[in-house]
Amino acid sequence: MRNLRFSLILAGIIGALFLGSGAGAQAADDRLALKGYDPVAYFTEKRPMLGDPQHRHEWDGAIYQFASAKHLELFKSGPDRYLPQYNNWCAASVAKGDKVHGNPEWWLVVDGRLYLFGRPIGPSLMKADAAMTMQADENWSKVSKLPAPPAPDYIRGAGQPK
């Protein structure tokens, strides 16, 4: 009986440790910005690049990963230069007064600013409509207060967007 009680207590402790460590990992994953993509690479490499977990930096409550130590240092020297506009929301949807999750694989740099889009057509739409950034800038104060829509599957980790 004594061994059974000890075994149950030990199993409970191990279970609590296992669940607690998973929750901590989940909380860290929820704070991972840009799905782990390197924000500096859009400017220096002209393409999206996944960051390396060994080059991490926390900024404004989010965790950013970088492809190299050099990119990490560039970010630290001026984070606002590299952060996506509209807090990672789709620039085209913000221009329309709506909130749609941006995807780090659909992007555009215009006038030194990084924009993300919710659909692959977004960068083409912005290139075709120079007024889109002005409209999005005007709408941002209203849109930023809207509730966040549910995250699409690709943000929750269930695969890439279609």
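- Smallest separation of non-hydrogen atoms from L74 and S77: O-OG, 2.7 Å.
- The structure places CG of L34 at 6.0 Å from CG of L116, a figure rounded to the nearest 0.5 Å.
- Minimum heavy-atom separation, H71 to V40: O-CG2, 3.4 Å.
- The number of heavy atoms from other shown groups lying within 6.0 Å of CH2 (W59) does not exceed 12.
- Remark: W107 CH2 to C90 SG distance equals 15.5 Å, nearest 0.5 Å.
- Looking only at distances, no side-chain donor or acceptor of N88 sits under 3.5 Å from a matching main-chain atom of G102.
- For the atom pair NZ (K99) and CG (N139), the distance works out to 12.5 Å, reported to the nearest 0.5 Å.
- No side-chain heavy atom of Q135 sits under 4.5 Å from any side-chain heavy atom of M132.
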side-chain contact (heavy atoms from CB on, under 4.5 Å) between W89 and V143, worked out: CA-CA 10 Å; W89 295 104; V143 172; 5.9 Å; no
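- Taking the six-membered ring for Trp and thresholds of 30 and 60 degrees, Y115 and Y86 have ring planes inclined between 30 and 60 degrees apart.
- Rounded to the nearest 0.5 angstrom, S124 OG and F117 CZ are separated by 9.0 Å.
- In this structure, D137 pairs ionically with R113, as a charged nitrogen and a carboxylate oxygen lie closer than 4.0 Å.
- No donor-acceptor contact under 3.5 angstrom links the side chains of N103 and E105, judged on distance only.
- If you take CZ on F43 and CZ on F75, they are separated by 10.5 Å, rounding to the nearest 0.5 Å.
- Listed by first then second residue, pairs satisfying side-chain hydrogen bond (donor to acceptor under 3.5 Å, both in side chains) with a partner in residues 61-70 number zero, not counting sequence neighbours.
- H101 places a side-chain N or O within 3.5 Å of a backbone atom of P149 that can act as its donor or acceptor partner.
- Closest approach of A136 and A91 over heavy atoms only: CB-O, 3.8 Å.
- Remark: side-chain polar atoms of D38 are not paired, donor with acceptor, to backbone N or O of M49 under 3.5 angstrom.
- P39 and Y82 get closest at one heavy-atom pair: CB-O, 3.6 Å.
- In this structure, V110 and M126 have side chains that are in contact, with non-hydrogen atoms separated by less than 4.5 Å.
- Within 6.0 Å of CG in L146 there are more than 12 heavy atoms belonging to other residues, nucleotides or ligands.
- Heavy-atom minimum distance, Y42 versus P48: CE2-CB, 3.6 Å.
- The hydrophobic cluster containing L125 does not contain M134, counting ILVMFWY residues as joined when their side-chain heavy atoms lie under 4.5 angstrom apart, directly or transitively.
- To the nearest 0.5 Å, atom CD1 of residue I63 and atom NE2 of residue H57 are 11.0 Å apart.
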